[in-house]
Amino acid sequence: MIKRLLIHPEELSKKWIDRMADQGVDVLGLHPAGGEESHIHIERMITLLKTDEYRRLLDYAVLRGLKIEYEMHAASFLVKRELFDDHPEYFRMDETGARTPKLNFCFSDPAAMEIALLNAEKLAESLYLSEPNYYFWLDDDAKGSGCKCEKCREYSFSDQQLLFENRLLKRLRRVCPDASVSHLAYYQAMHPPKKIQPEEGVFLEYAPIERDMKQTLRDQNADKTHIAALLNVFGCKNARVLEYWYDNSYFSSWKKPPKPFRADGELIKNDIDFYASLGFDNIASFACFLGEDYEALYGEADISAFE
């Protein structure tokens with residue numbers, strides 16, 4: 001079982017790296033915060049990655065045996081919002097028939113797609129020590145962020161997402177022949193695509209943010225149905241889980257100061273067993289809002305269920 005923990009880039013420290021390595025974590029994931037300012041958080045991460053001090057931290061993580069990956073809501077970073085005034089056609093059409101710069105872009109517009117792919121190449125090249133698994137997700141929104149233009153409307157949100165991911169995979173393989181790309185099953189993409197098939201190299205990343213965190217996943221029949229349908233399309237090869245077991249940003253309603261946090265170790269172990277029974281061998285959890293500011297308030301959080 002490959003185990004990954006995702007934290008905000010600014011929360012990384014030598015102590016966090018040692019804790020992950022000592023608990024048997026395999027992959028350190030850096031996750032710029034989502035929400036409406038996700039593009040700003042990506043810019044800040046790129047700035048950090050250019051500094052010698054931050055690169056030394058990541059070098060140390062590799063020395064401790066951790067691999068490095070980057071996972072982010074990237075659409076608004078890939079197609080800059082300031083393009084809207086001159087090129088509204090680059091952006092999605094909402095339910096009223098109006099173009100809007102809020103969230104994502106038009107997946108049927110060739111120029112918008114080319115801009116997104118070009119910027120994705122540049123973004124990939126900026127990710128210091130990254131593994132060849134790329135997680136350039138669409139924007140962070142619960143619902144209503146697909147494009148409703150004449151060409152896009154025939155596709156579900158999951159299909160629109162996959163249209164982009166298939167193109168993204170081909171483009172990234174120009175600079176990284178071993179590249180693979182995440183299909184994030186999240187919110188309105190919890191159902192599988194119906195009209196578009198994934199290219200070999202697009203893998204499932206199952207992120208059930210609306211699950212009941214007080215009940216094991218084994219007991220939540222709706223989630224079982226979603227998982228089976230998604231695996232039927234994407235298969236188990238390279239499929240991975242992205243959970244919220246250690247995500248104190250989730251439990252703190254994404255607001256600081258962070259709340260005191262205690263992980264449910266028994267639930268985590270039960271969930272891991274359940275995912276393994278379905279064929280997943282790669283699991284992850286967000287572990288945000290557990291950095292130095294959290295420790296100053298409450299002490300070190302327990303992540304031992306990953307050991």
Side-chain angles (χ1 to χ4, degrees), residues 1-33 41-42 45-46 48-74 120-137 165 168-169 172-173 175-184 200-207 234 236-247 268 272 275-276 279-288 290-291 301 303-307:
M1 183 70 74
I2 297 170
K3 294 170 285 185
R4 300 179 293 129
L5 285 179
L6 277 63
I7 67 172
H8 292 320
E10 63 273 16
E11 295 174 343
L12 184 64
S13 65
K14 185 175 181 292
K15 185 175 182 180
W16 239 128
I17 291 168
D18 287 334
R19 289 172 62 199
M20 289 189 193
D22 293 344
Q23 293 292 338
V25 174
D26 302 290
V27 179
L28 160 64
L30 295 176
H31 168 63
H41 295 297
I42 293 173
M45 180 185 72
I46 291 172
L48 268 180
L49 291 174
K50 293 177 180 178
T51 66
D52 291 340
E53 181 181 6
Y54 203 80
R55 289 189 171 205
R56 283 194 292 269
L57 268 180
L58 294 177
D59 290 338
Y60 178 70
V62 172
L63 285 174
R64 287 299 324 263
L66 295 170
K67 296 180 179 180
I68 312 297
E69 294 183 342
Y70 300 82
E71 307 201 24
M72 66 204 85
H73 291 284
E121 272 190 75
K122 295 177 181 177
L123 176 58
E125 291 174 336
S126 74
L127 302 179
Y128 185 64
L129 297 178
S130 176
E131 290 294 299
N133 307 312
Y134 294 97
Y135 307 80
F136 296 170
W137 307 326
E165 292 158 353
L168 176 64
L169 176 71
L172 291 179
R173 283 186 170 174
V175 295
C176 179
D178 297 329
S180 61
V181 168
S182 160
H183 175 89
L184 184 68
E200 182 70 25
V202 177
F203 59 85
L204 172 65
E205 185 172 26
Y206 179 72
F234 290 92
C236 288
K237 183 180 180 181
N238 296 325
R240 53 204 65 192
V241 170
L242 178 53
E243 270 286 359
Y244 301 83
W245 300 313
Y246 292 118
D247 187 11
I268 293 171
I272 290 173
Y275 281 126
F280 288 98
D281 62 2
N282 190 317
I283 59 168
S285 175
F286 292 105
C288 305
L290 296 177
I303 60 169
S304 61
F306 256 32
E307 187 173 7

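Each residue takes its place number in the sequence, starting with 1.
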Here the pair of heavy atoms bringing Ile272 nearest to Ala305 is CD1-O, 4.5 Å
All heavy atoms of Asn282 vs all of Ala239, minimum pair found to be CB-O, 3.8 Å
Distance col, row Leu127:CG vs Leu129:CG, nearest 0.5 angstrom, shows 10.5 Å
What class does the angle between the rings of His8 and His31 fall in, given that below 30° is parallel, 30 to 60° is tilted and above 60° is perpendicular?
parallel
Ala284 and Trp245 have their tightest heavy-atom pair at O-CZ3, 4.1 Å
>> When you measure from the side chain of Arg19 to the backbone of Ala301, do you find a donor-acceptor pair of N or O atoms at a distance under 3.5 Å?
In response: yes
Checking Val25, Val62, Leu57 against Ile17 for side chain to side chain contact (heavy atoms under 4.5 Å, CB included), the one that qualifies is Leu57
- Side chain to side chain, Asn238 and Asn133, heavy atoms closer than 4.5 Å: no
Item to complete: Would you check if Ile42 and Leu123 make a side-chain contact, meaning some heavy-atom pair closer than 4.5 Å?
Response: yes
All heavy atoms of Ala61 vs all of Leu28, minimum pair found to be CB-CD2, 4.2 Å
When rounded to the nearest 0.5 Å, the distance separating CG of Leu6 from CE of Met72 is 10.0 Å
Rounding to 0.5 Å, atoms CD (Glu71) and CZ (Arg4) come to a distance of 5.0 Å
Assess the pair Tyr128 and Tyr70: is the distance between their ring centroids shorter than 6.0 Å? no
Rounded to the nearest 0.5 angstrom, the CG-CD1 distance for Leu30 and Ile7 is 6.0 Å
To the nearest 0.5 Å, atom CD1 of Ile303 lies from atom CG of Leu290 at 8.5 Å
* **Check: Phe306 ring centroid to Tyr246 ring centroid under 6.0 Å** => yes
Closest non-hydrogen atoms of Trp16 and Glu11, given as atom of the first, atom of the second and distance, are CD1-O, 3.4 Å
Rounding to 0.5 Å, atoms OG (Ser182) and CG (Leu169) come to a distance of 11.5 Å
Task: Under-4.0 Å salt bridge between Lys14 and Asp18 - done: yes
Kindly indicate, with the supporting measurements, whether the criterion side chain to side chain contact (heavy atoms under 4.5 Å, CB included) is fulfilled by Phe234 and Val202. CA-CA 8 Å; Phe234 290 92; Val202 177; 4.1 Å; yes
Tyr54 (side chain) donor-acceptor with Pro9 (main chain) under 3.5 angstrom
yes
Side chain to side chain contact (heavy atoms under 4.5 Å, CB included) between Glu243 and Ile283: does it pass, once the steps are laid out?
CA-CA 8 Å; Glu243 270 286 359; Ile283 59 168; over 6 Å; no
Tyr135 and Arg240 have their tightest heavy-atom pair at OH-NH1, 2.6 Å
Note to self: Show, in sequence, the C-alpha distance, side-chain angles and deciding distance for Val175 and Glu125, and conclude whether the side chain to side chain contact (heavy atoms under 4.5 Å, CB included) test is met.
What the structure shows: CA-CA 8 Å; Val175 295; Glu125 291 174 336; 3.5 Å; yes
For this session: Give the intermediate values and the outcome of side chain to side chain contact (heavy atoms under 4.5 Å, CB included) for residues Leu5 and Ser285.
Result: CA-CA 5 Å; Leu5 285 179; Ser285 175; 4.1 Å; yes
More than 12 heavy atoms from other groups under 6.0 Å of NZ on Lys3 | yes
